[in-house]
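To start, the structure under review is shown below, and the notes come after it.
Each chain gets a letter, A, B and so on, in the order its sequence line appears, and its residues count up from 1. These numbers come from the heavy atoms of this one structure, side chains and all, not from hydrogens, waters or symmetry mates.
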There are 2 protein chains.
Amino acid sequence: MAGVRLQDVAEHAGVSMKTVSNVVHAHPNVSAPMRERVQRAIDELGYRPNAIGRRLATGRTGLIALAFADVRLPYFSELANVVSKAAAATGSGYRVLLEETEGTIEGERAVLSASEAGLVDGMLLQPSQMSSREIAERHGDLPMVLLGEGPAPLSVDRVMIDNVAAATVATEHLADLGRTRIAFVGHENEGLSWTSRQRIVGYQQGLESRGLPVEHDLLIPTGAIASDEAARAVGEAIDRGIRFDALMCRDDLAAIGALRALHERGISIPDDVAVIGWDNIAFDATTFPSLSSVSPNTHELARVALEMLAERIDGYDGIGRHRLVDFELALRESAPGSLQASGATSDAASDVDADVDAGASGSLSHSLSA
Amino acid sequence: MAGVRLQDVAEHAGVSMKTVSNVVHAHPNVSAPMRERVQRAIDELGYRPNAIGRRLATGRTGLIALAFADVRLPYFSELANVVSKAAAATGSGYRVLLEETEGTIEGERAVLSASEAGLVDGMLLQPSQMSSREIAERHGDLPMVLLGEGPAPLSVDRVMIDNVAAATVATEHLADLGRTRIAFVGHENEGLSWTSRQRIVGYQQGLESRGLPVEHDLLIPTGAIASDEAARAVGEAIDRGIRFDALMCRDDLAAIGALRALHERGISIPDDVAVIGWDNIAFDATTFPSLSSVSPNTHELARVALEMLAERIDGYDGIGRHRLVDFELALRESAPGSLQASGATSDAASDVDADVDAGASGSLSHSLSA
DNA sequence: GTGAAAGCGCTAACAC
DNA sequence: GTGTTAGCGCTTTCAC
């Protein structure tokens, strides 16, 4: 039944509200017979504590907001899954309110400037447009942790992987496979995002560390972060006569688009062109060929982010802590492992059954830095 | 500043709480000077109405739960996106709490039997395991609308597409392409889900309507609803000597797995084998070849579901209403349109740029039934 | 070990 | 037009 209140239970059992509350919360100092009597009343009336009443009294809502551009992007849907599981496993058992910013500055502002306060205890936000100054100004006193390599003011906590290092390692892996003309695919046509910027820096470092020249022609931007745009951009580059033997992609969507453009032109992967993507989304295991990818440790990312958020919610008020979590290269058919690769390499090529979730196919693991 | 209450604003402005409340809610009967004075106090103090206090008083939380198996499945992440947009556009401006059931009966029970009441105003649930009796019993008085073709008690509202009809149309399209050995791929090895059951029925009807024999060999089940499992199952079927010239897939994940299995064996798509998937997920446009797919009108699904949910929240207490929304066949390279196809067909093959979201590539549209 | 009562922040019916 | 006041359902001191 709806509308059964704590008071109703108390009256029905002939006790005070406090006693019922004690039973509901399994407080130790309630006598066994009393506990049983109250429990019977609860069962008979079908009492369910009202969440809102409780929240008003305690000041905690048990809700956190998870805000990012768009759940449809596989990286974000996988992140949402990991975060909601991790949040539920938290001591406080948080639940997740989904907020999409559409990747626009208006969307990001809207998420931060909600007209109501107190709905959520805290927020996990992956920004991409707002400046760090604006983030610092707007978030007010809402406990918050930033996700990803986007803008982040020093005053706010943030968790990310080292994008420069990851791009360097991935690019070096392609070089170690014997590739000499490694192109970068998928950054914005204009107005480079923070993400693209860092990955390109790493790409360049990887080239340089292997003594490969950096050619401007080998930078292939796309009109939008989407696989169809990447397919078109890569196709046009090829048709324009640009030649490359490997593709370092900004993300898996770009990589999947590239795969298609190569297929359409009868170019063999990885024989003619090796491909590495980024994010290690579930699809990578079943594309043809399966896709090697930079695999951020999202479980660790979620864990660390929620841990810091919980501390903020509990009142921690220090300066922003910036944490790095590890990543690895998940090697599959599109850019297999090889003896030349540095580090402990395990080749997961052609294992359609690889436990991708657990990162079982990975290699070149990079450990958590403090 | 945090912790500024309505009362603080009232005192600061030297008026009553009611007046402040009137200003906050833009009530008409407040004099202009008074409104300005109060607004100044609000701004000076940085007042934000507290969501929980408001919710306790009004009894509405402005939150709805969206519960399904797993956000990582593209169909669900796309659904989450559509629902959260549609919910925000609602008169009441609902926000969405994400709940995952993991596709297990325990998960579904947990979602329905949350120990707290009142957190959300209503729930959109896509069940797959629970019996309709259990759904009816457990949901209690929580306003609820069921999504999809799973179990649904007559007492509860539900929105879905006509799975049997859609499978029939898709199968007929394959037959009209001249295919005579059309296999069905991707249903459960044992314990058929409601979804698979209905799609297989439609598949069979499609075969029969075109005078094609139904062969048990052409039913290719998979160990799990996942593309790697489908790749393995289709590969094994081929290796076992099963021959087919078309694949009707239970969902796009199965179709993508099938694509891979066919590629690995050098089988040409669609020349040797045509493929149709189900759900029309975004990836379908960039697979190689791009994938034809049954495209449910999820925008309409979300709209109708939220409309009915809003009515339930507003107290409507009639018997369960079961609504169908339309679907279409999004035709791409893996099973292109053709002159033989019935209905208004538009061939979207090879249009990597097709506006898949808008279903622009579709054909054979089926209209909303009452 | 149990009960009484004062809020938590807001809304809305009712009075002025 | 504006102010008063009684809740919404729960938690939580503080007495008993």
Checklist entry - Counting heavy atoms not belonging to Glu137(B), are there more than 12 under 6.0 Å from its CD? => result yes

Do the side chains of [X] and [Y] get close enough for a salt bridge, i.e. N-O under 4.0 angstrom?
| X | Y | value |
| --- | --- | --- |
| Arg303(B) | Glu300(B) | yes |
| Asp43(A) | Arg40(A) | no |
| Glu116(A) | Arg95(B) | no |
| Asp70(A) | Lys85(B) | no |
| Arg321(B) | Glu307(B) | no |
| Arg72(A) | Glu100(A) | no |

Checklist entry - Who pairs with Pro143(B) by side-chain contact (heavy atoms from CB on, under 4.5 Å), at least two apart in sequence or on another chain? => result Leu309(B), Arg312(B), Ile313(B)

Checklist outcome for this item: Here the ring-ring contact (aromatic ring centres under 6.0 Å, His included) pairs for residues 76-123 of chain A, sequence neighbours left out, are Phe68(A)-Phe76(A)

Item to check | Listed once per pair and sorted, the ring-ring contact (aromatic ring centres under 6.0 Å, His included) pairs that draw on residues 9-28 of chain A, sequence neighbours left out | outcome: none

Checklist entry - Which nucleotides of nucleotides 8-16 of chain D have their base under 4.0 Å from a protein heavy atom (B), which only their sugar-phosphate (S), and which neither (-), written as one string 5' to 3'? => result BBBBBB---

Checklist outcome for this item: Axis-to-axis angle across the helix from dG1(C)-dC16(D) to dC16(C)-dG1(D), five pairs each end, nearest 10 degrees, ~ 40°

Checklist entry - Where does the chain B footprint on DNA chain C start and end, counting 5' to 3' with a 4.0 Å heavy-atom cut-off? => result dG9(C) to dA13(C)

Next on the checklist: With a 4.0 Å cutoff (strictly under), does any side-chain N or O of Thr19(B) reach OP1 or OP2 of dG3(D)?
Outcome noted: yes

